[in-house]
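Counting starts at 1 for both ligands and their atoms, in listed order. Keep in mind that this is a model prediction, so the values were computed, not measured. Residue numbers count from 1 along this sequence.
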Amino acid sequence: MRQKILIVFGTRPEAIKMAPLIKKFQEKSEIFDLKVCVTAQHREMLDQVLELFEIKPDYDLNIMKSGQDLYDVTSNVLLGMREVLVEFKPDIVFVHGDTSTTSSTALSAFYQQIKVAHIEAGLRTGDIYSPWPEEANRQITGVLANYHFAPTTTSQENLLRENKEPKSILVTGNTVIDALYLALDKIKNNSTLKESIVKSIEDEIADENFSLDSSKFILITGHRRENHGQGFINICKALKTIALNNPNITIIYPVHLNPNVQKPVNELLSDVKNIYLIKPMQYEAFIYMMDKSYFIITDSGGVQEEAPSLGKPVLVMRDTTERPEALEAGTVKLVGTDTNLIIQEAQKLLNSEEEYAFMSKAHNPYGDGTACEQIVNFFRK
Ligand code: UD1
Ligand code: UDP
């Protein structure tokens, strides 16, 4: 009898990080009966990834509503998953990371006593309000999960401290590195793809004075719920000052579709000449932009994991991080949403070659690109 596996995700980063795992399970279809369920907590940003990796979900809960709150997502996923689990009756449900899709799906599976495998397990800040609500989401998922796939030994230690069974934990690296290597390889070996990526980015920026190869640019992303409101106003003020003080530098910002992000960013930054506000980029194009950027300012979890592999310094607009490995190596710095600190640290990177060289060491604490293979092998045994 083949093992019945259900992989569930709902947002862009979960899709990117689950895509290589889906491919690996599909390669072993004689052992695994795999089905994919998307909650579609995100719609357009999820569909971009599904299209790129050619993933056709077996179930689509299609829950996204504009401006949804945490109750909407949590309750719609919990109820929607009930039907899927009753119909497919999986042996194991795979969830990823720390979104509301993750914790609600884990709870839904638990209510039917179906085993849960948690990918990207064991990340902790210890403060349930930072990042909010993600820290609580991953702790809840950790309580309900039967198998924990930890990206690093730090996350493994966090799980052991919570008395998880040592046998239930496997350190695999982060599946995002599998996705990153797949994308980089594809771009390197396909000049037509590379040309089309460059064209899509330059078309989006639509300024003949900008060139991906020769313009020096800072790449920005941001979306965290705890930064909504004053946090985003502070961030935008900082970006505007950096842009005005450095007219020879370009700032490129693919703006998350959340209306709580779109509104302040468009209101405060759309008239700054050297800031380009663009649509969320397709994954491969975004990776290419990261690789070509001078440095990155972000509050994203995934970007903090990808950038060190590319040797790009990252200023993280958060007060805490559950990813201490790059912080310890000095390639990532926490700047919170303090306008002056963001400006000061960005200016340091722009002015000081020494500071830039120190932060731009390429290193890779988050895996070697074999996480998905290790996870599949764990279940083959
Ligand atoms: C969610 C996750 C967060 C994760 C992030 C990745 C929760 C509570 N939050 O935050 O952990 O880091 O995704 O990006 O699970 N929207 C669209 N189209 C899209 C996607 C979003 O229009 O494709 C808009 C909608 O108005 C939606 C809103 O963004 O209601 C918020 O989406 P939601 O998933 O609730 O929150 P995120 O901030 O994206
Ligand atoms: N990303 C992307 N297009 C963009 C911005 C980001 O494909 O325009 C990718 C990025 O490379 C990373 C992931 O999306 O893999 C991060 O997603 P996000 O910041 O939304 O969520 P988080 O990682 O903070 O949960």
Side-chain angles (χ1 to χ4, degrees), residues 9-20 38-53 62-74 76-77 95-105 120 123 131-138 140-141 174-180 182-184 200-201 204 219-228 232 252-263 277-291 293 296 298-307 309-310 312 314 316-318 321-323 366:
F9 52 93
T11 65
R12 167 176 67 190
E14 294 165 83
I16 292 168
K17 291 167 164 182
M18 286 297 216
V38 295
T39 64
Q41 173 177 338
H42 283 176
R43 190 70 272 176
E44 303 90 317
M45 285 161 59
L46 172 76
D47 291 345
Q48 264 185 333
V49 186
L50 295 178
E51 193 188 316
L52 177 72
F53 287 94
N62 199 22
I63 66 158
M64 198 195 85
K65 288 193 227 129
S66 181
Q68 63 205 3
D69 67 17
L70 297 174
Y71 297 92
D72 295 322
V73 179
T74 304
N76 287 329
V77 172
V95 293
H96 181 280
D98 54 22
T99 70
S100 295
T101 283
T102 316
S103 52
S104 300
T105 301
E120 200 183 83
L123 277 68
W132 175 79
E134 289 82 4
E135 175 71 8
N137 284 343
R138 58 187 167 229
I140 292 166
T141 307
N174 197 308
T175 62
V176 79
I177 303 298
D178 301 28
L180 176 69
L182 281 175
L184 289 173
S200 74
I201 298 169
E204 187 66 28
L219 183 61
I220 314 293
T221 78
H223 68 82
R224 298 240 83 84
R225 263 183 164 77
E226 74 266 23
N227 289 346
H228 292 175
F232 265 95
I252 303 182
Y253 185 168
V255 188
H256 192 289
L257 296 178
N258 194 324
N260 295 307
V261 177
Q262 286 279 337
K263 191 166 181 286
L277 304 178
I278 60 175
K279 293 199 292 277
M281 298 301 291
Q282 197 248 42
Y283 183 59
E284 285 168 353
F286 185 75
I287 292 296
Y288 193 78
M289 276 211 294
M290 275 174 83
D291 201 32
S293 70
I296 299 162
T298 187
D299 64 14
S300 160
V303 174
Q304 280 180 70
E305 291 155 345
E306 291 157 342
S309 289
L310 301 172
K312 298 296 164 184
V314 186
V316 178
M317 298 183 290
R318 293 176 46 184
T321 181
E322 58 290 82
R323 296 168 170 88
Y366 298 112

Checklist entry - Can you list the atoms of ligand 1 that are under 4.0 Å from a heavy atom of Pro13? => result 6 (C), 14 (O)

Next on the checklist: For atom 4 (C) of ligand 2, tell me which residue out of Arg12, His223, His256 has the closest non-hydrogen atom.
Outcome noted: Arg12

Checklist entry - Does some side-chain heavy atom of Ser104 sit less than 4.5 Å from a side-chain heavy atom of Val73? => result no

Checklist entry - For the atom pair OH (Tyr366) and CD (Gln304), what is the distance rounded to the nearest 0.5 Å? => result 6.5 Å

Next on the checklist: As an exercise, identify every atom of ligand 1 less than 4.0 angstrom from a heavy atom of Arg224.
Outcome noted: 12 (O)

Next on the checklist: Does any part of the side chain of Gln68, heavy atoms only, come nearer than 4.5 Å to the side chain of Asn76, both counted from C-beta?
Outcome noted: no

Checklist entry - For ligand 1, which atoms sit closer than 4.0 Å to a heavy atom of Glu134? => result 3 (C), 9 (N), 11 (O)

Next on the checklist: Using side-chain heavy atoms (C-beta onward) and a distance below 4.5 Å, is Val316 in contact with Arg323?
Outcome noted: no

Checklist outcome for this item: shortest atom 38 (O) of ligand 1-to-protein heavy-atom contact is with Asn258 ND2, 3.1 Å

Item to check | Nearest non-hydrogen protein atom, atom 16 (N) of ligand 1 | outcome: Met64 SD, 3.6 Å

Next on the checklist: Show the nearest heavy-atom pair for residues Val95 and Met18, with the distance to one decimal.
Outcome noted: C-CE, 3.5 Å

Checklist outcome for this item: So CG of Leu182 and CD1 of Ile287: to nearest 0.5 Å the spacing works out to 11.0 Å

Next on the checklist: Taking the basic N atoms (NZ, or NE/NH1/NH2) and the acidic carboxylate oxygens, is any pair closer than 4.0 Å for Glu120 and Arg138?
Outcome noted: no

Checklist entry - Given Gln48, Glu14, Gln41, which has its nearest heavy atom closest to atom 9 (N) of ligand 1? => result Gln41

Item to check | atom 8 (C) of ligand 1: the protein heavy-atom neighbour that sits closest, reported with distance to 0.1 Å | outcome: Ser100 OG, 3.2 Å

Checklist outcome for this item: Atoms of ligand 1 under 4.0 Å from any heavy atom of Leu70, numbered from 1 in the order shown, are 8 (C)

Item to check | Any N/O pair Met45/ligand 2 closer than 3.5 Å | outcome: no

Next on the checklist: Any non-hydrogen side-chain atom of Val255 less than 4.5 Å from a side-chain atom of Leu277?
Outcome noted: yes

Next on the checklist: Could you check whether atom CD of Gln262 has more than 12 heavy atoms from other residues, nucleotides or ligands sitting under 6.0 Å from it?
Outcome noted: yes

Next on the checklist: Measuring from atom 14 (O) of ligand 1, which candidate in His256, Arg12, Glu44 has the nearest non-hydrogen atom?
Outcome noted: His256

Item to check | Candidate pair Ser300 and Thr221, rule side chain to side chain donor-acceptor pair (under 3.5 Å), full reasoning | outcome: CA-CA 7 Å; Ser300 160; Thr221 78; 4.6 Å; no

Item to check | Close-contact set for ligand 1 against Thr99 heavy atoms, below 4.0 Å | outcome: 11 (O), 15 (O)

Item to check | Heteroatom distance test (Leu46, ligand 1): nitrogen or oxygen, under 3.5 angstrom | outcome: no

Checklist entry - Any idea which atoms of ligand 1 are less than 4.0 Å away from a heavy-atom of Arg225? => result 8 (C), 9 (N), 10 (O), 33 (P), 35 (O), 36 (O), 37 (P), 38 (O)

Checklist entry - Quick one: does Arg224 get a heavy atom under 4.0 Å from ligand 2? => result yes

Checklist entry - Taking C-beta and beyond as the side chain, do Met289 and Glu204 meet within less than 4.5 Å on heavy atoms? => result no

Checklist entry - For atom 33 (P) of ligand 1, which protein heavy atom lies nearest, and how many Å away is it? => result Gln68 NE2, 3.3 Å

Item to check | Qualifying residue, where the test is side chain to side chain contact (heavy atoms under 4.5 Å, CB included) with Thr39 and the options are Thr102, Leu46, Val77 | outcome: Val77

Next on the checklist: Polar contacts were defined as any N/O atom of the residue lying under 3.5 Å from an N/O atom of the ligand; does this apply to Thr11 and ligand 1?
Outcome noted: no

Next on the checklist: Within ligand 2, which atoms have a heavy atom of Gly301 less than 4.0 Å away?
Outcome noted: 22 (P), 23 (O), 24 (O)

Item to check | Candidate with minimal heavy-atom separation from atom 3 (N) of ligand 2, of Lys17, Met281, Met290 | outcome: Met281

Checklist entry - Which ligand 1 atoms does Lys65 reach within 4.0 Å, using its non-hydrogen atoms? => result 27 (C), 30 (O)

Checklist entry - Once you round to the nearest 0.5 Å, how far does CZ of Arg12 lie from CD of Gln48? => result 7.5 Å

Checklist entry - Between Gly302 and ligand 2, does any nitrogen or oxygen pair lie at a separation below 3.5 Å? => result yes

Checklist entry - Which ligand 2 atoms are under 4.0 Å away from a heavy-atom of Pro280? => result 8 (O)

Checklist entry - When rounded to the nearest 0.5 angstrom, what distance separates CD1 in Ile177 from NZ in Lys17? => result 9.0 Å

Checklist entry - Which of the atoms of ligand 1 are close to Arg43, meaning less than 4.0 Å from one of its heavy atoms? => result 19 (C), 23 (O)

Next on the checklist: For atom 39 (O) of ligand 1, what is the closest protein heavy atom, and at what distance to 0.1 Å?
Outcome noted: His42 NE2, 2.6 Å

Next on the checklist: Could you identify the single nearest non-hydrogen protein atom to atom 26 (O) of ligand 1 and state the distance to 0.1 Å?
Outcome noted: Gly67 N, 2.9 Å

Item to check | Check: Thr141 and Asp98 side chains under 4.5 Å, non-hydrogen atoms | outcome: no

Next on the checklist: Regarding ligand 2, does Ser300 bring an N or O atom to under 3.5 Å of one of the ligand's N or O atoms?
Outcome noted: yes

Checklist outcome for this item: Within the 4.0 Å heavy-atom cut-off, what Pro133 brings close to ligand 1 is side chain

Item to check | Between CD1 on residue Ile278 and CZ on residue Phe286, distance to nearest 0.5 Å | outcome: 9.0 Å

Checklist outcome for this item: Nearest non-hydrogen contact to atom 25 (O) of ligand 2 from the set Gly97, Gly222, Pro131, Pro13 belongs to Pro13

Checklist outcome for this item: In this structure, atom 9 (C) of ligand 2 is nearest to the protein heavy atom Ile16 CD1, 3.6 Å

Item to check | Backbone or side-chain N or O of Glu306 under 3.5 Å from ligand 2 N or O | outcome: yes

Item to check | Flag side-chain contact, heavy atom, 4.5 Å: Glu44 against Met64 | outcome: yes

Checklist outcome for this item: the protein heavy atom lying closest to atom 1 (N) of ligand 2 turns out to be Phe286 CD2, 3.6 Å

